[in-house]
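Just below is one structure, and these are the notes that go with it.
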Amino acid sequence: MKPDYEIGMTSLPGNGEIAQELRVLAAYLAFEGQSIYRVLAYQKAAREFGQLTDSVALATLEGRLTELPGVGPAIEAKVREYVETGRIAQLEKLRSSYPEGVLEVAELDGAGPKTARRLWDELRIDSLLAVKAAAEAGRIRALKGMGAKSEAKLLSSAETALARGPAPAPRRLLGHVEEPARRLLQALLDHPAVAQAEIAGSFRRRRSTVRDLDLVASTDEPETVGRFFGALPLVARVEQSGLTKVLIHTHNDLDVDLRLVPPASFGNLLQHATGSAQHNVELRGFSQKRGLRVNEYNVEEVQTGKAHPCAEEAAVYELLGLSWIPPELREGRGEIQAALEGALPNLVNREDLRGDLHVHSDWSDGRRTIEDMAIAARDRGLEYICISDHSKSIGMGIGVSDDDLRRQSEEIRLLNARLDGIELLAGSEVDILADGEIDLPDDLLASLGFVVASIHSGFQQPVERIMARFRSALENPFVDAIGHPSGRLLGRREGYALDIEELAGTAAATGTMLEINASYDRLDLRAAHARRAKELGALVVISSDAHSPRGFDLLPYGVGEARRGWLEAKDVANTRPLEDFRGLLRRSQR
DNA sequence: GCCGTTTTCGGCCCGACTGTTTTCAGTCG
């Protein structure tokens, strides 16, 4: 007999939904003034659930939830209550005691749970609009411990948040901050008083989006460097300015945090500022058990008080008995344990890539000829590329007809005879149609060197339909890879519903590759899915999706996402020489 | 609320900056 829960399987709440409930509960507990550690415990569990590829609801019903780090009996009971009844009684009670608007107030820049609570208790402020009205009437400055500056700050934050609407502060695409970040770094490096400088934070960890920029520098003249930084032309205003820290806001609304230490501590600061917060929390907990205290200046022996400043970042990890951990792994996802055991992955590098299997030309929506793209790829050290223009169904008049595709293959044969130092594969980016069909006939598919199949339509279909389309594509022996598997566009589109467990499992079973599309607004597969794909035995291919020569310069973003997914060169098919790569393809095994 | 090569109880990462204070609370990363 089947367990009861399988009857209503599709109605199980998703991980994101459960995580959100816990986040709201944590916010209320903070507002109530409960122990910060209790609040942190709920936040940690929410974060854990948000990153999990497995189903939290299913794990709960199968009694496996407490196996997750940070989940004990109390949180397990609340999740179980939510999965079984659709509500958490304690949270509903809190919701009926305080309007949810008080949580928005607590989220304001410059406010927090304590401030929000006082505004509610003393002024009955329960919304951003109420903050604005009270500030404008001068009622906030009348509170003990508040002043005109605090009031002005809250007013400004409330106005900003109201103008922005319900969405959280937008994160920037990594690819969009690359240039300003490099410019700021160069300005620091060019200053005579700066010894060393680096970009840290989520930028250095190569997260696909960043909230702000974190720069670090070493100098013996922090005041001079701080003043210089605050006076750079792109600075709109200086938000904070101390002896070790300068926070600026640029004209294009980027927050930039500069930290300064003496040269002997540069390694400590770089480690500290690279994060992530979760990694640092775990690293410090780990250190504490070994009698060491880690901060941005040194590693200190607690017993003796002896301090060890580190000019190099690797020395910080070495003092803790760990191998140096690549920044892309520093997310609190098991990297410290791996470093302790000497089991860190040897991450894939851009230089490992020999081929690019997803390239467009002016035959479809690319902007340059096949030959131009081939030469651009060769100039960037690639040995082979696949011309994979869109097939006919893409619409908008940019798809390549079946007859044109045959002619294109012929042109590619001629180019291969003529060009040295680069090999071209004739290919196609075919559409997985709404019914799961591939929009090229099998004989044409069979004649190509490589085929990537992507979903470009029917995004709103439920997960069952989407997965049925993928299954159909994966079962086609002439589909070599799935392109941008989730369909997400960062900051613009969530992507369609995707079951990565099934997709990666079936990809592994059929020998189909999964693409990491390197366009910095896609980065799809995302890191967590890439890691899961590796665990399930699927091969990954990192592709630029280049539409012009500069498109090849996107490859490092795909490599960054792959590294965040713990991928090594051996996990990435296009690190192979062409002949080896061909040997991996299903079509070559027929 | 969670957790354990010091612990099943007593800790929990650690420091900078600001504003409003005359010594610190709150926020932030």
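Per chain, numbering begins at 1; letters A, B, ... match sequence-line order.
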Minimum-distance nucleotide (side-chain atoms of [X] versus [options]):
{"X": "A/R284", "options": "B/dG19, B/dG1, B/dC13", "value": "B/dC13"}
{"X": "A/E296", "options": "B/dG15, B/dG29, B/dC2", "value": "B/dG15"}
{"X": "A/T244", "options": "B/dG1, B/dG29, B/dC17", "value": "B/dC17"}
{"X": "A/K149", "options": "B/dA16, B/dT27, B/dT20", "value": "B/dT20"}
{"X": "A/D214", "options": "B/dG29, B/dG19, B/dG1", "value": "B/dG29"}
{"X": "A/A74", "options": "B/dG1, B/dG26, B/dG15", "value": "B/dG1"}
{"X": "A/P113", "options": "B/dT27, B/dG1, B/dC14", "value": "B/dT27"}
{"X": "A/V281", "options": "B/dC13, B/dG19, B/dG29", "value": "B/dC13"}
{"X": "A/A41", "options": "B/dA16, B/dG26, B/dC2", "value": "B/dC2"}

With respect to the phosphate group of [N], does any side-chain polar atom (N or O) of [X] fall under 4.0 Å of OP1 or OP2?
{"X": "A/N295", "N": "B/dG15", "value": "yes"}
{"X": "A/R259", "N": "B/dG15", "value": "no"}
{"X": "A/T115", "N": "B/dT27", "value": "yes"}
{"X": "A/Y297", "N": "B/dA16", "value": "yes"}
{"X": "A/S150", "N": "B/dT20", "value": "yes"}

With heavy atoms under 4.0 Å as the rule, sort [X] into base, sugar-phosphate or nothing.
{"X": "A/R118", "result": "nothing"}
{"X": "A/L243", "result": "sugar-phosphate"}
{"X": "A/G275", "result": "nothing"}
{"X": "A/A111", "result": "sugar-phosphate"}
{"X": "A/A148", "result": "sugar-phosphate"}
{"X": "A/S287", "result": "nothing"}

Expressed in whole Å, how much space separates the [atom1] atoms belonging to [N] and [M]?
{"N": "B/dC2", "M": "B/dT7", "atom1": "C1'", "answer": "14 Å"}
{"N": "B/dT6", "M": "B/dG1", "atom1": "C1'", "answer": "22 Å"}
{"N": "B/dC13", "M": "B/dG4", "atom1": "P", "answer": "14 Å"}
{"N": "B/dT18", "M": "B/dT23", "atom1": "C1'", "answer": "15 Å"}
{"N": "B/dG15", "M": "B/dT8", "atom1": "C1'", "answer": "32 Å"}
{"N": "B/dT21", "M": "B/dG26", "atom1": "P", "answer": "14 Å"}
{"N": "B/dC12", "M": "B/dG19", "atom1": "C1'", "answer": "28 Å"}

* Tell me, please, which residues at least two apart from A/A158 pass side-chain contact (heavy atoms from CB on, under 4.5 Å). =>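 Partners of A/A158 under the side-chain contact (heavy atoms from CB on, under 4.5 Å) test: A/L108, A/V131.
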* Asked: Any chance the rings of A/F229 and A/H191 have centres within less than 6.0 Å?
  ->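 No; A/H191 has its ring centre 6.0 Å or more from that of A/F229.
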* To do: Check whether more than 12 heavy atoms from other residues, nucleotides or ligands sit under 6.0 Å from atom CD of A/E92, and answer yes or no.
  =>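 Check passes, neighbour count above 12.
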4.5 Å side-chain heavy-atom contact, [X] and [Y]:
{"X": "A/Y297", "Y": "A/N268", "answer": "no"}
{"X": "A/K149", "Y": "A/E151", "answer": "no"}
{"X": "A/E239", "Y": "A/I248", "answer": "no"}

Measure from [atom1] on [X] to [atom2] on [N] and round the result to the nearest Å.
{"X": "A/N298", "N": "B/dC14", "atom1": "CG", "atom2": "C1'", "answer": "12 Å"}
{"X": "A/L260", "N": "B/dA16", "atom1": "CG", "atom2": "P", "answer": "12 Å"}
{"X": "A/Q240", "N": "B/dG19", "atom1": "CD", "atom2": "P", "answer": "9 Å"}
{"X": "A/E107", "N": "B/dG26", "atom1": "CD", "atom2": "P", "answer": "18 Å"}
{"X": "A/E151", "N": "B/dG26", "atom1": "CD", "atom2": "P", "answer": "19 Å"}
{"X": "A/H272", "N": "B/dC14", "atom1": "NE2", "atom2": "C1'", "answer": "7 Å"}
{"X": "A/I36", "N": "B/dT27", "atom1": "CD1", "atom2": "C1'", "answer": "11 Å"}
{"X": "A/D212", "N": "B/dT27", "atom1": "CG", "atom2": "P", "answer": "19 Å"}

Any luck finding a side-chain donor-acceptor pair between [X] and [Y] under 3.5 Å?
{"X": "A/R171", "Y": "A/T209", "value": "yes"}
{"X": "A/N295", "Y": "A/E300", "value": "no"}
{"X": "A/D521", "Y": "A/S519", "value": "no"}

* Find which nucleotide of DNA chain B each of A/L143 and A/G112 is nearest to by heavy atoms, and output the residue with the more 5' nucleotide. =>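 Checking each residue's closest nucleotide, the 5'-ward one belongs to A/L143.
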* Across all strands shown, which nucleotide pairs with B/dT8 by Watson-Crick or G-U wobble geometry, both distances under 3.5 Å? ->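 WC or wobble partner does not exist here.
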Dump every N/O contact between nucleotides 3-11 of chain B and the protein below 3.5 Å, one line per pair.
from  : atom 1 : to    : atom 2 : distance (Å)
B/dC3 : OP1    : A/G70 : N      : 2.8

* Ring-face cation contact, A/Y520 with A/R522, 6.0 Å cut, 45° max ->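 Not satisfied by the 6.0 Å and 45° rule.
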